[in-house]
Amino acid sequence: MQEYLLADVPLGPFEGTRITLYSARGKNARLHVARACGQLRTSDVKTAQVALDAEVMGRLCSRCTEWGSWARPTTALGMFLRALGGVGLLHQLQSYTEPDEDECWTQEEVEAAAEVLRSDADADAEATDDDGEDAREEAERLQGLVFSYWHGAAESLHRAQSILASFLWLEDWAQRALETKAEFLETLRSQAALFVEPAGLLVAAAAATMERPRLSGEDQAFSVLGSSDKISTALNALWRRWQGAAESSWVRSPARSYMSHYLVQGIRSNRKGHDDALAGAARLIDSWEAQARALAASAEGKPTQRVTALLPEAAEETARGARGGLLEGLDSWTQGVVATWVVGADWGRRTLTLDVPALIAERLHAPSSDVACEPPCEEADAIEPSRTPVGRPSSIRPGVFDDTPVFDRQPVTAEHIRALGTFTRSSDQLYIVISVSSGVEVLPLDVVERRLAQGWSGVLVAGASDLPESLIGTWAQTAGSELEAAGGHWTGGCRDAHGLHFGEEFGGIDGARQTVRHTYFDADRARNLRLLALTRGVHDLRTLDAGRERMLPLAVWEGTLASDRLDLAPFMQPSADRWHRGSGLPLGPLAVAQIYTTNADPQIEGKGHSPLCRHARERGVATNDDLLTVTDLLARDDFDWCGKCGGYAVRRLTDTQVSFYRAAHRLHAIRAQLDRGRCHDDADTVLSQLKELADWQPIDEEGWYTSDSWRWHEAIKNLKRKVERARRDEIS
């Protein structure tokens, strides 16, 4: 078996890519992709930026070659190297090319085992002696082994061809290995076909097309079962059991004779009528079997049909924790059909060409089939492995992800999105993208894929993992230290409007703390903060909904939304209630603050909940949620809100909005103080506070010169006049 090494792989467009490597001092020292590599046993480590080429690949240490992290996983280079290593292309090219040394069998042994199983299917099981039983067990073991290797070889060839479809310059280099794998796969297929009975496949297809017979409950042979309704129910259950067994296997009818015993389950064998019911069930099964054989016989001799079948994608994980293969997920009947009648295959695209009897074709085209089939076309040629047209660019190459300057980026395609899912353990959930139609946006990868299907064209600028560590690392450390200083959680909710931390629970600083607090694993902190940084630039959070399976972590939503309700008393109009009346202050920067709720329409049944409420399954913002502003919230009083969560969550306020919220509450508190006549002793303090509030300016703007600004200053002037009047009254 030829050994394929990483140093032998053509680098294609990655030739000359600059990477950082580490080594001991010395001209011929081994190169390492990680300073912490266990085989780099020296404290005098040399760091160098080198161009990737065959010589560099040949000098890499074996540990780094197999397990090293050469580049970030979501870069084109990172995906290329991951596709080669581990159980990737190099492993697949060397797998299933010849019989395994530990499990080796001959063609004669396979033929003998198949003959044993065929003869046993016709023999009386009770007449089989011990030697015959041992021979059957050994034949069944070899049958399972052959099928298992056939499944593995097909899956291995599929994975190798799938990887090569993304790295087209490797096709010629890997062609010889692929041909060897295809030859071994064909050998295994032909051996598997020896265990399959084509006549049994036809009978199974015929059984699948049979309609349920009319089974009378008045037959006295089954009186032991009870009333006519019970008899009818039991007979229909027997039919379904027989048809299910008959249509799913290629084993011939004698093996299904035992099924008559299911009819009399729970009835004592010495009870009168037991044997009559058992014999009647056997007659029914024999009649169904005869009908299936007759249908199968009537189909013999007819021209075969060419069928193109698409195998389902392999399951990511089976119940046993192992990855399911292409063929392993098919029922035994479909496996038998593929083993018997396949005439061409493109395993990379999971597409097979079958030349089958018409009855088999009819069953394959049925909605219940395990494979998706195109209409039969006699002129179609057998499918052969596709060769990519010359000049077509590979899907993974520098210029799409973050391997090149943004100026040189190429538009992303659906093929690129699939490559991210295939060659990275976990792609970034959010990406900064730019398009001429929508400008700069932050979108989930699934949303990008849906837009591409609708003709959208754009470029990936950066993912969450691309954000600078110098920025995110410092932020994570600061948020974590502040959380620890607060005793592991952030209390917030300061009630004193003049307090230093009043309103901070609505701001972005507390958002970072909440994200850290709700992140249970320290290793996920930086990732969640990166996602949080991207969500802060999104205009409408509903665009981040990519479906339940791809939802953002709850910790990110906790940092994006504030669960506390806003106190809008300062902005309500004055009323006669001296204890709860508003101050009529303008909303100012708060007017456009976003409010998210599951239902803002009182005409629609159901209360409105915060996206963070347990009644909304704490799922975060979804596409069909309602978006309001604080202006909308203040203008209506007909909302039907949840009593637990308050009905909505406010998007984290900007620094300017938090500052104005605090200033408005301070002014409202001063007004309440004046209305209650409690400022006689500290009039100077109140005047100082009013002067400070009159000088309030947006943090990120030079000034605010709107009608809101005029109303704000008028409210302050009125309060100043009240203070002066109260002072004069006190003196007089």
Side-chain angles (χ1 to χ4, degrees), residues 439-440 497-511 535-542 560-562 564-575 580-597 600 626-639 648-675 686-724:
V440 179
H498 298 288
L500 182 63
H501 299 293
F502 181 84
E504 200 171 52
E505 66 272 20
F506 297 106
I509 295 176
D510 183 64
T535 64
R536 290 182 171 179
V538 177
H539 174 68
D540 185 346
L541 296 178
R542 293 176 297 182
T560 306
L561 303 170
D564 297 79
R565 293 192 67 178
L566 290 168
D567 181 0
L568 299 179
F571 314 104
M572 296 178 180
Q573 295 303 313
S575 66
H580 298 96
R581 59 186 172 186
S583 295
L585 297 176
L587 284 171
L590 288 172
V592 295
Q594 293 181 343
I595 303 295
Y596 290 91
T597 177
D626 290 328
L627 171 60
L628 306 172
T629 63
V630 174
T631 301
D632 300 325
L633 202 63
L634 199 61
R636 292 171 50 189
D637 59 1
D638 60 343
F639 296 112
Y648 66 83
V650 59
R651 185 170 183 172
R652 295 280 173 180
L653 305 180
T654 65
D655 291 343
T656 290
Q657 290 171 333
V658 171
S659 175
F660 184 76
Y661 182 78
R662 182 182 294 129
H665 273 272
R666 290 180 64 190
L667 200 60
H668 182 65
I670 291 173
R671 174 173 180 161
Q673 185 180 1
L674 292 174
D675 288 347
V686 172
L687 289 173
S688 176
Q689 291 173 345
L690 290 174
K691 182 180 183 306
E692 181 183 346
L693 293 172
D695 294 335
W696 183 88
Q697 295 286 343
I699 293 174
D700 50 1
E701 301 176 21
E702 293 184 1
W704 57 317
Y705 305 106
T706 64
S707 60
D708 285 348
S709 173
W710 179 84
R711 290 173 57 196
W712 175 260
H713 286 96
E714 280 296 307
I716 294 175
K717 288 178 183 179
N718 290 335
L719 293 179
K720 282 183 177 180
R721 284 194 286 268
K722 276 191 175 183
V723 174
E724 295 292 349

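Residues: numbered from 1 along the sequence shown. Bear in mind the structure is a predicted one, so any value in this text is a computation, not a measurement.
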Salt bridge (charged side-chain N to carboxylate O under 4.0 Å, His left out) against Arg662, all qualifying residues, sequence neighbours excluded
none

Contacts of Arg565 that satisfy salt bridge (charged side-chain N to carboxylate O under 4.0 Å, His left out) - sequence neighbours left out:
none

Residue list, side-chain hydrogen bond (donor to acceptor under 3.5 Å, both in side chains) with [X], at least two apart or on another chain:
X: Glu692; result: Arg666
X: Asp626; result: none
X: Trp696; result: Ser659
X: Thr560; result: Thr535

So, does Trp712 use its side chain to make a donor-acceptor pair with the main chain of Leu693 at under 3.5 Å?
yes

Measure across [X] and [Y] and return the closest heavy-atom pair with its distance rounded to 0.1 Å.
X: Ala591; Y: Thr629; result: O-CB, 3.4 Å
X: Arg536; Y: Gly508; result: NH2-O, 2.6 Å
X: Pro570; Y: Ala664; result: CB-O, 3.8 Å
X: Gly507; Y: Val658; result: CA-CG2, 3.7 Å
X: Ala497; Y: Ala669; result: CB-CB, 4.2 Å

Indicate yes or no: at least one non-hydrogen side-chain atom of [X] is less than 4.5 angstrom from one of [Y].
X: Leu719; Y: Val686; value: no
X: Ile595; Y: Leu566; value: yes
X: Lys720; Y: Ile716; value: yes
X: Tyr648; Y: Leu633; value: yes

Using the rule given for side-chain contact (heavy atoms from CB on, under 4.5 Å), can you reason through Asp708 versus Leu587, listing the C-alpha separation, both sets of side-chain angles and the distance that settles it, and then say yes or no?
CA-CA 7 Å; Asp708 285 348; Leu587 284 171; 5.6 Å; no

Not counting sequence neighbours, which residues clear ring pair (Phe, Tyr, Trp, His ring centres under 6.0 Å) with Phe506? List them please.
Tyr661

Can you name the residues that form a ring pair (Phe, Tyr, Trp, His ring centres under 6.0 Å) with His668, not counting sequence neighbours?
none

Mind checking what makes side chain to side chain contact (heavy atoms under 4.5 Å, CB included) contact with [X], not counting sequence neighbours?
X: Ala715; value: Leu585, Leu667
X: Gln594; value: Tyr596, Leu627, Arg651
X: His713; value: Ala694, Ser709

Residue pairs passing the salt bridge (charged side-chain N to carboxylate O under 4.0 Å, His left out) test with at least one member in residues 627-639, sequence neighbours excluded, are Arg636-Asp638

Exceeds 12 heavy-atom contacts within 6.0 angstrom, atom CG of Asp655
no

